[in-house]
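Right, one structure below, let's go through it.
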2 protein chains.
Amino acid sequence: MPMREGRAASPGAGGGRARTRASHSRESVLAEAVRLLDEAGAAGLTIRALAARLGGGPASIYWYVSGRDELLDLAADSVLAGVLDAVRAVGEGDPIDDLRTIGETLFDAIVDRPWLGAYALRDTGTQPHSLRLYEKIGEQTLRLALTPTQRFHATSAVVGFVIGTAADMGQELPEVVASGQMDREEYLAQATAEWRALDEGEFPFIHHVVDEFARHTDRGQFRAGLDLLLAGIRLQAGA
Amino acid sequence: MPMREGRAASPGAGGGRARTRASHSRESVLAEAVRLLDEAGAAGLTIRALAARLGGGPASIYWYVSGRDELLDLAADSVLAGVLDAVRAVGEGDPIDDLRTIGETLFDAIVDRPWLGAYALRDTGTQPHSLRLYEKIGEQTLRLALTPTQRFHATSAVVGFVIGTAADMGQELPEVVASGQMDREEYLAQATAEWRALDEGEFPFIHHVVDEFARHTDRGQFRAGLDLLLAGIRLQAGA
DNA sequence: GGTAATATCGAACGGTGTTCGATAAATCGC
DNA sequence: GCGATTTATCGAACACCGTTCGATATTACC
């Protein structure tokens, strides 16, 4: 099991046939993986690209992770350390407000890193920060007048809503926006025009909300939806 | 633009050097893609595997779709035709109950096809059934005393919750369960034991709900969460 | 200093998505 | 019916991927 911090790999050895080997650590592997994910998303994190960043060969990565799936899970989990730090002091106010604060902090982390939604809190058995964040969210429900069953369901609902909504928003970025060919406003204007062009008899709801759609922000939409869910939880707790 | 139904490809031509070519249609490409997804998930749908099923070469797929991403989007959308059929008659009862019915129908479709959650309702601009399902959900909110802004947010919240929760449940199947090495009960028992082994002082919520966790079903959890959200919407509408 | 354990590595394997130029098949116009 | 055009299919090739294996470099231990 690796346990020492690697020193930076030298580029190619000097004279002679031997070439100095790179030296890694679990932390540096995960940190570099996160950097690649931030730059190019999940598709950009390949074992070969990561190895090149670390200055070594692709096979060395397999000393630290069993495969690319585990690498992604651990990279996502490592980023949640920042979310946990940000919400460490939360938990003394109104429990519903505290749930909102934690939910929004997690959502913001996923908006900052669109790839995160697909991997955060996926497997709390192998993702320690995910487990702690799940516990942190759940603890707020302990301060509500709910049964254990209701607390379990409320916690899962908040997690499901936050992760699901943020992941959906995170990956909905179409290729023309991701590549810079079109900015978000242009894209939204085009999508709005497509909605306006739909048959009004067939799509009454879409015509009813198209002005909202034209000016909505993802964050506003997320907050409004989270508040609906939290209102339902507060109602159930009779608070 | 393809517009004719292909006939079945003959296996290798008889004597002579010419080989009869396969013949496809957009419908057969999507139908066969769905079959492969059902059998082996998104990872099992490769362009080569699909071409082999259709009895042709991989390059022919590119006549019908621009790439594998579009293939997945269209395959997912095509499956939503069945969901739309199932909810066609919904819309005459209590709007909140009708939202529940539609949400549960969509959830069940995703439970039946775990790969669906990651691709359903991703891009209503290129997925006609997704657009219609979004419209169907939104139309229920027209029968509630809500502003256009509130209706837009309520609809997005329901969609986000259903898709996000179902997608999370759909892909959470760990390799040992997917591969048959362990059934769901064994896996749940092991996960429960891991939860029970956690330090009680550090994870008070998890110890509080571990018995719920041990006996929960995904569907029950989903319904409970959806009801919390719907309760919030009903409260907002003052109904 | 020799042995054992840990960590790194290049090469190879088996696979993928996608494109290109060729060509088979269908359609159209005369 | 035939030649031209259009549509659809194809094999090969390209560039890349995840993963494993046996070799070996490096570190730790006695």
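Order of the sequence lines sets the chain letters (A, B, ...), proteins ahead of strands, with each chain counted from 1.
In this structure, CG of B:L50 is placed 12 Å from P of D:dT9, rounded to the nearest angstrom. In this structure, B:R26 places its CZ atom 14 Å from P of D:dT9, rounding to the nearest Å. The CG atom of A:L54 sits 15 Å away from the P atom of C:dA7 (whole-angstrom rounding). Between the P atom of D:dC10 and the CD1 atom of B:I61 lies a distance of 9 Å, rounded to the nearest Å. In this entry the distance linking OH of A:Y62 with C1' of D:dA23 reads 19 Å, nearest Å. Whole-Å rounding puts the B:R21 CZ to D:dA8 C1' distance at 7 Å. For the pair A:L36 CG and D:dG18 P, the computed distance is 11 Å after rounding to whole Å. Distance CZ (A:R48) to P (C:dG15): 15 Å, rounded to an integer number of Å.
The side chain of B:Y64 contributes an N or O atom lying less than 4.0 Å from OP1 or OP2 of D:dT9. Dashed line: the shortest gap from a side-chain N or O of B:H24 to OP1 or OP2 of D:dC10 is under 4.0 Å. Between C:dA7 and A:S60, no contact under 4.0 Å exists linking OP1 or OP2 to a side-chain N or O. The phosphate of C:dT8 (OP1 or OP2) has no side-chain N or O of A:W63 nearer than 4.0 angstrom.
By the 30° and 60° cut-offs, the orientation of the rings of A:F222 relative to A:F107 is parallel. Ring geometry for A:H216 versus B:F152: interplanar angle over 60°, hence perpendicular rather than tilted (30 to 60°).
For the pair B:R132 and B:E135, the salt-bridge criterion is not met [side-chain N within less than 4.0 Å of a carboxylate O].
The backbone N or O of A:F161 sits less than 3.5 Å from a side-chain atom of A:T165, completing a donor-acceptor pair. Side-chain N or O atoms of A:R219 include none that pairs as donor or acceptor with a backbone N or O of A:D108 at under 3.5 Å.
Between A:L133 and A:I102 the shortest side-chain heavy-atom distance falls below 4.5 Å.
The residue among A:A49 and A:A59 whose nearest nucleotide of DNA chain D is located toward the 5' end is A:A49.
Near DNA chain C, meaning a heavy atom under 4.0 Å from it, residues 66-76 of chain B has B:G67, B:R68 in order of number.
For CD of B:E39, the number of neighbouring non-hydrogen atoms (other residues, nucleotides, ligands) closer than 6.0 Å is greater than 12.
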